[in-house]
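One-based numbering along the sequence shown.
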Amino acid sequence: MKTFTLALAIAATAMPAMADAQRWQPVAQRQANLDARIEQGVRSGRLTRPEARRLTAEYRQLTRLEARYRADGLSRRERDDLNRRYDALSARVRFQKNDGQTRRW
């Protein structure tokens, strides 16, 4: 019984970490996904030209920030900051693609 309880306790504490590991993507993968989503939005007409320009500019700014962070080694704080910024940009891409505005060009 003690062995089962111990195994259950270990599994319960490991679950959030495992879920976090499954959701986490390397920064390079997130960059590729965001770039592809912006391109797809342009091709499908779900992003207007001004929306695509703004999102692309934000994306480039974020990749420059990442390069500065990586220049002296990526700390935990910097990685967390990048993840937060990529999450925010991803949410903006999703919002812009679903805001009902369509290509006007």
Side-chain angles (χ1 to χ4, degrees):
M1 182 69 173
K2 286 183 182 180
T3 305
F4 176 73
T5 305
L6 180 61
L8 187 58
I10 291 172
T13 57
M15 290 303 246
M18 288 171 44
D20 217 22
Q22 290 173 348
R23 282 191 313 242
W24 185 82
Q25 291 179 334
V27 174
Q29 182 63 44
R30 295 190 78 175
Q31 286 177 340
N33 289 346
L34 273 170
D35 190 40
R37 288 175 54 209
I38 292 170
E39 287 296 319
Q40 186 276 332
V42 170
R43 282 193 311 274
S44 70
R46 292 176 65 193
L47 286 175
T48 64
R49 187 174 294 196
E51 289 172 339
R53 270 196 300 262
R54 277 191 304 272
L55 292 169
T56 301
E58 288 181 54
Y59 170 76
R60 286 187 191 130
Q61 184 179 8
L62 192 49
T63 58
R64 284 192 299 271
L65 176 64
E66 181 194 356
R68 284 198 323 262
Y69 281 173
R70 286 189 184 277
D72 62 349
L74 194 61
S75 71
R76 171 73 182 202
R77 185 193 63 77
E78 291 169 336
R79 189 181 72 168
D80 290 345
D81 181 48
L82 285 174
N83 280 325
R84 182 183 55 76
R85 289 172 187 255
Y86 276 112
D87 287 344
L89 180 56
S90 180
R92 281 191 294 281
V93 169
R94 183 175 35 259
F95 175 80
Q96 293 296 327
K97 285 176 72 174
N98 295 301
D99 67 356
Q101 296 176 0
T102 56
R103 177 176 35 206
R104 296 179 237 163
W105 15 310

Using a strict cut-off of less than 4.0 Å between a Lys/Arg side-chain nitrogen and an Asp/Glu carboxylate oxygen, indicate whether [X] and [Y] qualify as a salt bridge.
{"X": "R77", "Y": "D81", "result": "no"}
{"X": "R30", "Y": "D87", "result": "yes"}
{"X": "R84", "Y": "D80", "result": "no"}

Give, for atom [atom1] of [X] and atom [atom2] of [Y], the distance between the pair rounded to the nearest 0.5 Å.
{"X": "R54", "Y": "R49", "atom1": "CZ", "atom2": "CZ", "result": "13.5 Å"}
{"X": "L62", "Y": "Y86", "atom1": "CG", "atom2": "OH", "result": "4.0 Å"}
{"X": "R53", "Y": "T48", "atom1": "CZ", "atom2": "OG1", "result": "8.5 Å"}
{"X": "L65", "Y": "E78", "atom1": "CG", "atom2": "CD", "result": "8.0 Å"}
{"X": "K97", "Y": "D99", "atom1": "NZ", "atom2": "CG", "result": "11.5 Å"}
{"X": "R92", "Y": "I38", "atom1": "CZ", "atom2": "CD1", "result": "10.0 Å"}

Original post:
For T56, what residues pass the side chain to side chain donor-acceptor pair (under 3.5 Å) criterion, not counting sequence neighbours?
Top reply: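 Scan of T56 (side chain to side chain donor-acceptor pair (under 3.5 Å), adjacent residues dropped) gives none.
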
Original post:
For Q40, does the CD atom have more than 12 heavy-atom neighbours from other residues, nucleotides or ligands under 6.0 Å away?
Top reply: yes

Subject >> Contact check, side chains of E66 and Q31, non-hydrogen atoms, under 4.5 Å >> reply: yes

**OP:** Would you mind reporting whether L82 and L74 have side-chain heavy atoms less than 4.5 Å apart?
**Re:**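 Answer yes - side chains close enough.
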
Subject >> Minimum-distance pair of heavy atoms, taken over all atoms of R94 and N98 >> reply: O-ND2, 2.8 Å

Original post:
Taking all non-hydrogen atoms of both residues, which atom of L34 and which atom of S90 are closest, and how far apart?
Top reply: CD2-CA, 3.7 Å

Subject >> Main-chain N/O of V93 paired with Q96 side-chain donor or acceptor, under 3.5 Å >> reply: no

